Amino acid sequence: MLKKLGLAALILVTGISVFGTGWAAPSITAAIEVSKTPLDYNVARPLSDGAFHDGLLAAETSAGNLVFYNTKGEKAFSLPAELKPIGDFHEQRAVVKNTKTNLYGYINTKGTLVIPCQYTEANLFSEGKAKITIASTNVVWKLLYCERPCVS
């Protein structure tokens, strides 16, 4: 009999603790702001994780073009027709490809080409450095340095 009462009490206490957790949590109402205009948006692949970097989101439009949106949901800037962004910003730089020369360079967060398209390979900046391959040499790769803070 004592075991049955103990088991019943255990079941009752477990049920209250599982179902009653909402009682202890305070009611928090947070303001969530949603953009008034829909974005023409898909996660840009393969070099974007779909998150904001340096205040900008790399997104692929339904036409397949990569564009950058700011935190207000507006297109951040327009690039010249021959420059195509490759992926996210890292340390205020994003890799772009010149479609006429097939060479890579870097833009800043304002869309200005700050490192000319002169590399056959260009990777993301990390800790002020980016792995690149220079087009005019036989060097397989070098590190491109950017002084901190890496802004122009």
Side-chain angles (χ1 to χ4, degrees), residues 13-152:
V13 170
T14 304
I16 290 173
S17 66
V18 170
F19 296 112
T21 55
W23 296 340
S27 176
I28 298 173
T29 56
I32 298 174
E33 189 175 329
V34 178
S35 174
K36 303 276 187 263
T37 57
L39 297 179
D40 185 6
Y41 172 82
N42 285 316
V43 175
R45 301 287 181 212
L47 296 177
S48 177
D49 60 7
F52 281 89
H53 294 275
D54 296 321
L56 297 169
L57 171 71
E60 187 178 282
T61 65
S62 57
N65 299 319
L66 190 62
V67 297
F68 291 100
Y69 290 107
N70 62 24
T71 55
K72 296 177 183 175
E74 304 163 340
K75 190 173 174 184
F77 49 79
S78 294
L79 292 172
E82 69 273 5
L83 291 183
K84 299 295 178 201
I86 301 301
D88 293 321
F89 275 88
H90 289 272
E91 299 185 14
Q92 295 87 37
R93 299 285 184 263
V95 179
V96 292
K97 180 180 183 179
N98 184 317
T99 57
K100 292 181 181 177
T101 64
N102 285 326
L103 296 176
Y104 298 89
Y106 295 87
I107 57 171
N108 65 11
T109 55
K110 295 177 183 170
T112 305
L113 186 66
V114 291
I115 300 173
C117 295
Q118 57 189 349
Y119 309 112
T120 54
E121 178 186 355
N123 290 284
L124 305 173
F125 271 92
S126 176
E127 299 182 21
K129 299 173 207 63
K131 180 180 161 277
I132 51 100
T133 302
I134 300 172
S136 60
T137 68
N138 290 330
V139 175
V140 175
W141 65 270
K142 286 189 174 185
L143 289 179
L144 181 64
Y145 293 93
C146 184
E147 296 295 322
R148 289 204 182 262
C150 192
V151 292
S152 294

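As the structure is a prediction and not an experimental result, all values here were calculated from the model. One is the number of the first residue; the rest follow in order along the sequence.
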Taking the side chain as everything from C-beta on, heavy atoms only, tell me whether [X] gets closer than 4.5 Å to [Y].
{"X": "V95", "Y": "Y106", "value": "yes"}
{"X": "V96", "Y": "I86", "value": "no"}
{"X": "T109", "Y": "L56", "value": "yes"}

Contacts of type side-chain contact (heavy atoms from CB on, under 4.5 Å), residue T112, not counting sequence neighbours: N108, K110, V114
Run the side-chain contact (heavy atoms from CB on, under 4.5 Å) test against N98 and tell me which residues pass, sequence neighbours left out. E82, L83, K100, T101, C117
Going from CG on N123 to OH on Y104, what distance comes out if it is rounded to the nearest 0.5 angstrom? 10.0 Å
For the CZ atom of F125 and the CG atom of D54, what is their distance to the nearest 0.5 Å? 12.0 Å
For [X] against [Y], the heavy-atom pair lying closest together:
{"X": "A81", "Y": "T99", "result": "O-OG1, 4.4 Å"}
{"X": "I132", "Y": "A122", "result": "CG2-CA, 4.0 Å"}
{"X": "L79", "Y": "P85", "result": "CD1-CD, 3.7 Å"}

For the pair E91 (side chain) and E127 (backbone), establish whether a donor and an acceptor sit closer than 3.5 Å, ignoring hydrogens and angles. yes
Set of residues satisfying ring-ring contact (aromatic ring centres under 6.0 Å, His included) with respect to F89, sequence neighbours excluded: F68
